[in-house]
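Here's the structure we're looking at; comments come further down.
Chain identifiers are assigned alphabetically (A, B, ...) following the order of the sequence lines, protein sequences preceding nucleic acid strands; residue numbering begins at 1 within each chain. This structure is a prediction, so every number in the text was calculated from the model and none was measured.
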Amino acid sequence: MSELTKTFEPQAIEEKWYAYWLEQRCFEADPASKKPGYSIAIPPPNVTGVLTLGHVLNNTIQDILARRARMLGKEVFWLPGTDHAGIATQNVVERNLRKEGAMKHRDELGREALVAKIWEWKEKYGGIIIQQLRKLGASCDWRHERFTMDAPYSRCVQQVFVDLYKKGLIYRGRRMVNWDPSALTALSDEEVEMKEQNGLLYYFKVEVVDEPGAFLTIATTRPETIPGDTAIAVNPRDPRYAHFIGKRARRPLPVENKALLPIIGDEHVEFEFGTGVLKVTPAHDKADFDIGQRHALPIVDIMHPNGTMNDLAGVDLAGLDRFEARKIAVEKLRELGLLEKEEPHQNKVGYSERAQVPIEPRLSDQWFLKYPSQEAARDAVASGSISFHPERWAKVYDHWMGNLQDWCISRQLWWGHRIPVWTRRFESEGEAAQIVAAWESGKAPYSTGGHHAVAGDRVIVLTSDPADAKALAVAGFQQDPDVLDTWFSSWLWPFATMGWPAKSEMLAKFYPTTDLVTGPDIIFFWVARMIMAGFEYMGEMPFRNVYFTGIIRDKQGRKMSKSLGNSPDPLDLIASYGADALRFGVMRSAPIGQDVLYDEKNVELGRNFCTKLWNACRFRQMHGGETEGEIDRSLLSSDDKWILLRLDAAIAEVSTALDAYRFSDAAAALYRFFWSEFCDWHLEASKAALNGTDAARKANTLAVLDFVLGHLLRLFHPFMPFVTEELWHGLGFSADLPEGQGGKTILYAHWPKPLGADFCEHYGIDPSDEAFASAKHDVVNIGRGLRRDFNIAASKRVAFILRPNAPMPDHEAAVLKLLLNAEELSLVDGGWTPPRGTPASLTPHGELFLPLEGLIDAGAERERLSKEAAKVGQELAKVRAKLADGHFASKVPATVLEEHRQRETAWAEKLGQIQKMQAALTEASPSP
RNA sequence: GCGCGGUUAGCUCAGUGGUAGAGCGCCUGCUUCACACGCAGGAAGUCGCAGGUUCGAACCCUGCACCGCGCACCA
């Protein structure tokens, strides 16, 4: 037991204990343990990332879950790691290389050199966020840190690709995809964010050449794509236009190629929108592409991949950016006299989630996946086998699962898992078949587990074995240049990190994981896909519970962002307030299922709270004595019993809240119990005995304090690991405990159980004891109220007189005296009459008087009493009115009726008392 | 358009049928021997609006308004 310093300095103890925990190997999970397993796989942060408040929220929750599970006797495995985050990481490194002048464009470096540069960068900076998590106190098993591009992990990814291909679920196809013209890659539907745009709707007319003099007016938001139009469509049921179907119209742009377009009928066209006439651009719009397919229309692609117009767009537009081209196209239409009007129009445009540029629908060859194990994945959540918190996200999940679109998994990037597909074109189909036949009877240029297929004169080989690459190259095969969507690797996270495809002992012990803590924004990207992968490859769900955090916003409710500068650095906050303060502050303000409005005030509150805890423990320590002495039931005061009952309630409340993932409720319960109940009442009350002369009573009071603190520190530990560990040792709680139960560290101290009936019986604690102590609190509050009403400074020590309803033991009265800051508290019997006009108030323990020794201000007392009488009279009238209502008396449940009657009695008694005092006052000094 | 949240004190939020709550902020007093990162007090709310159910509604039902977020191929 070392002496606690006067002020709490978090920085010193944080470092000390984290090092201690690592050295003692406290976070290391043993798959051979007999204890029940508990596991969490961290949502791997982007390897380029730095810690944000979002990470703080997310990882604090995981740490609370992990630490509590440890205290509950589980074998805990919290798996840490990072994600290679394809586009984001490649962007960051490319930007840095350009800034350094190392390159202007990635083509200068070439694929291999750039990827090498990114690895270099990753080795140098990729550990930052991991180090930061340690500062926060995260109790991860660092021996198992994983990265989604570790060699074994990469192999898992490619093996899954090969397997899904063999199952016919992965295919290559020429389809409309979401094209990011800035990153020059395809994206999945989920990576496209729809944004409201204030744009213009342009009305222009086209001449119907087969009906001289007839024109059709078309409304479009994208006039720059006119050169790519290959038809005009109307709804065949539209009487205005049906008769034009089959005729031809002249496309106005490009001016040098005014092609004739067929007018076709298609149900897709809405009557009401615009003019009801649609220009069809199969190469640049998904819906138009579908129409094109239905009508076998040609596809004219008028754009380069980077979003600039190509030669097919015509001389006026070629080379221009698509938005610049829009302006020019409009000008041209105006010059041609074909532009009728333009009107403001609000529409939604897909943006690349990352690059924040508008997506261009583009026809390209990509790899697609039909999701596996859809049914099992959907059922698991619908049936509650996997439970979502808050539950409402299950509905969102279910809706998405019911409308699954094939997943575009190829990306035209360099950083990521290379698609494990090699192809070679042969002279003829015959030669291809011959080669393959030779492989089938002899030696193929790839290892077992690989797979090949023939498509005409092309032979395709899939293999996940990195050693095969050379052999295939020698055999003249070329690997697909694309990489896989990052999420195609992260969806394997819960098992690819634990040794899969081997049947590892980690998997046996810790799969499925227990809890997943993540944001609802990646419910489709990650959560849903992990569930499908889990069922497909492990035959089982990847996790049992999913807790969705809110999003951290600033005080004004805006998302945190670098550009707004409203995103504080958690490390700065830890430096100035301490990690425990940050954790507790954030958790206290993060209600389940709601966004968190971040305010530094919350961290300040956390800091104040840690300091208060520190000082309460110092207070205990300053009174010396033995740690955790025997509690003698015969010496328990009502305050002791009260705080034990409150502790019991707090244990239950905190445990229930944590079981239900209601972290802010648990934090609030801890706050209330410690501050309002323990410090404000019990600690203050205990001073009577601690500063008294009765040594036995003092020792017993300390024993109770220790009992409560010992439980309190354990309840707090998951929220505030550092300060609780320091105090645990500082107060000597670790001294007598076995190593695995709190002796070495509070980490393994048992999570408190509700005290229970046996405990209460053993110590002679009865629920009525709680009432007795609460009644004492009332006496104190009323006494302080009297002081206030008569303007007696809190520091001025006055005498109080109590006429108790029942005998009041000396040690109980001593507490009242102390809390009233009274010079003296005299107990008088029923026969005693106060000097006339003495301020008095009825308390649950009897009448309390404040004798003012001739200083009575009769006017003030009269005023006070009449104010109080009015208030009490009002309450009494309210409850009487209810009771007088016949409906009420006849319909209300007996308990409620009884409660109202008691209330009536209480108010009536109170009023009678006040009236008696008023009468006494009048006798003393008749009102003027 | 459909769906999901939300609307309670100046701010952030608890409160799911029976006497409106907490933290912060504000105001007053206090350096009282653990803590001024503190202590003791105080002011402050027609519980978004309108109906309905009920003896009784912040709470249940219906409708509406406003805020936020998803989903959806109206160009």
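- In this structure, the nucleotide among A40(B), C55(B), U19(B) sitting nearest to the side chain of E899(A) is U19(B).
- The CD atom of E823(A) sits 17 Å away from the P atom of U32(B) (whole-angstrom rounding).
- Using the Watson-Crick or G-U wobble rule with both distances under 3.5 Å, U19(B) pairs with nothing in any strand shown.
- The CZ-P distance, from F678(A) to C39(B), rounds to 14 Å in whole Å.
- With a cut-off of 3.5 Å on both Watson-Crick or G-U wobble distances, the partner of C74(B) is given as none.
- If you check the side chains of K279(A) and T281(A), you find a donor sitting under 3.5 Å from an acceptor.
- Taking atom C1' in both A43(B) and G25(B), the straight-line distance is 13 Å, to the nearest Å.
- A salt bridge is absent between R901(A) and E904(A); no separation between the charged side-chain nitrogens and carboxylate oxygens falls under 4.0 Å.
- Looking at heavy-atom distances under 4.0 Å, L278(A) makes contact with a base.
- If you check G18(B), C24(B), A72(B) against the side chain of K348(A), the one that comes closest is A72(B).
- Rounded to the nearest Å, the gap between the C1' atom of C30(B) and that of C69(B) is 49 Å.
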- request: Evaluate the criterion ring-ring contact (aromatic ring centres under 6.0 Å, His included) for residue pair H900(A) and F888(A); output intermediate values, then yes/no.
  value: CA-CA 11 Å; H900(A) 277 74; F888(A) 179 79; 4.9 Å; yes
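- D266(A) and H295(A) share a donor-acceptor pair across their side chains, judged by distance under 3.5 Å alone.
- Comparing A14(B) with G48(B), their P atoms are spaced 14 Å from each other, to the whole Å.
- If you check every strand for non-hydrogen atoms under 4.0 Å, N781(A) touches sugar and phosphate atoms only.
- Distances shown here put every side-chain N or O of K891(A) at or beyond 4.0 Å from the OP1 or OP2 atom of G17(B).
- At G41(B), one or more side-chain N or O atoms of R784(A) fall inside 4.0 Å of OP1 or OP2 (strictly under the cut-off).
- Atoms CG (N615(A)) and C1' (G38(B)) sit 9 Å apart, rounded to a whole Å.
- For U62(B) and C4(B), the P atoms lie 12 Å apart once the distance is rounded to whole Å.
- Applying the 3.5 Å distance criterion, the base of C73(B) shares a donor-acceptor pair with the side chain of H268(A).
- Among the protein residues, R588(A) comes within range of the sugar-phosphate backbone only, with heavy atoms under 4.0 Å from sugar or phosphate atoms but none that close to a base.
- As rounded to the nearest Å, U8(B) and G15(B) have P atoms that lie 14 Å from one another.
- Contact annotation: N608(A) side-chain N/O to G38(B) OP1/OP2 distance is under 4.0 Å.
- Taking 4.0 angstrom as the limit, R788(A) places none of its side-chain polar atoms (N or O) nearer than this to OP1 or OP2 of A40(B).
- Base-pair partner of A34(B): not found among the strands shown (Watson-Crick or G-U wobble, both distances under 3.5 Å).
- Which of A75(B), C73(B), C37(B) sits closest to the side chain of R607(A) comes down to C37(B).
- The side chain of W675(A) contributes an N or O atom lying less than 4.0 Å from OP1 or OP2 of C39(B).
- The P atoms of G18(B) and G23(B) are separated by 23 Å, rounded to the nearest whole Å.
- Counting non-hydrogen atoms under 4.0 angstrom, T611(A) reaches a base of the nucleic acid.
- Put simply, CE on M587(A) is 15 Å from P on C13(B), counting in whole angstrom units.
- Geometric assessment of R646(A) against the ring of F678(A) yields a negative cation-pi assignment under the 6.0 Å and 45° thresholds.
- Look at N821(A) and you won't find any side-chain N or O under 4.0 angstrom from OP1 or OP2 of C39(B).
- Mapped onto RNA chain B by nearest heavy atom, V780(A) and V192(A) fall at different nucleotides, with V780(A) at the one closer to the 5' end.
- OP1 or OP2 of G25(B) lies within a sub-4.0 Å distance of a side-chain N or O belonging to K601(A).
- Surrounding CD of E898(A) are more than 12 heavy atoms belonging to other residues, nucleotides or ligands, all under 6.0 Å away.
- Ring geometry for Y671(A) versus F584(A): interplanar angle under 30°, hence parallel rather than tilted (30 to 60°).
- Taking the side chain of E875(A) as heavy atoms from C-beta on, and the options U19(B), C13(B), C39(B), the nearest nucleotide is U19(B).
- Comparing C47(B) with C60(B), their C1' atoms are spaced 16 Å from each other, to the whole Å.
- When distances are taken from the side chain of V896(A) to each of A34(B), G3(B), G18(B), the shortest belongs to G18(B).
- The partner of G41(B) is C27(B), by the rule that a Watson-Crick or G-U pair needs both atom distances under 3.5 Å.
- Rounding to whole angstrom units, NZ of residue K279(A) and C1' of A75(B) are separated by 8 Å.
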- request: Could you check F609(A) against F674(A) for ring-ring contact (aromatic ring centres under 6.0 Å, His included), going step by step and ending with a plain yes or no?
  value: CA-CA 9 Å; F609(A) 192 82; F674(A) 169 68; 5.3 Å; yes
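- The partner of C49(B) is G63(B), by the rule that a Watson-Crick or G-U pair needs both atom distances under 3.5 Å.
- When both pairing distances are held under 3.5 Å, G68(B) makes a Watson-Crick or G-U pair with C4(B).
- For K687(A) and A34(B), the shortest distance from a side-chain N or O to OP1 or OP2 is below 4.0 Å.
- You'll find a donor-acceptor pair under 3.5 Å spanning the side chain of E684(A) and the base of A34(B), going by distance alone.
- Pair assignment for A14(B): none, as no Watson-Crick or G-U wobble contacts are both less than 3.5 Å.
- Here G3(B) presents its P atom at 11 Å from NE2 of H399(A), a figure rounded to the nearest Å.
- Salt bridge status for E193(A) with K195(A): absent, with no side-chain N to carboxylate O gap under 4.0 Å.
- We find that CZ of F273(A) is positioned 15 Å from P of G1(B), with the value rounded to whole Å.
- Between L820(A) atom CG and C39(B) atom C1' there is a gap of 15 Å when expressed in whole angstrom units.
- Considering only side-chain atoms of K878(A), the nucleotide from C55(B), A20(B), A34(B) that sits closest is A20(B).
- Here V280(A) lies out of heavy-atom contact (under 4.0 Å) with every strand.
- Residue contacts shown for G578(A) are absent, as no nucleic acid heavy atom lies under 4.0 Å away.
- Toward the 5′ end of RNA chain B lies the nearest nucleotide of R392(A), the other residue of the pair R618(A) and R392(A) mapping further downstream.
- When the C1' atom is compared between G56(B) and G29(B), the two are found 42 Å apart, to the nearest whole Å.
- Counting any heavy atom pair closer than 4.0 Å across all strands shown, I218(A) reaches no nucleic acid atom.
- If you check distances only, the side chain of K612(A) never reaches the base of C37(B) with a donor-acceptor pair under 3.5 Å.
- Between the side chains of N198(A) and Q346(A), at least one donor-acceptor pair of N or O atoms lies under 3.5 Å.
- Among the heavy atoms of the strands, none lies under 4.0 Å from P520(A).
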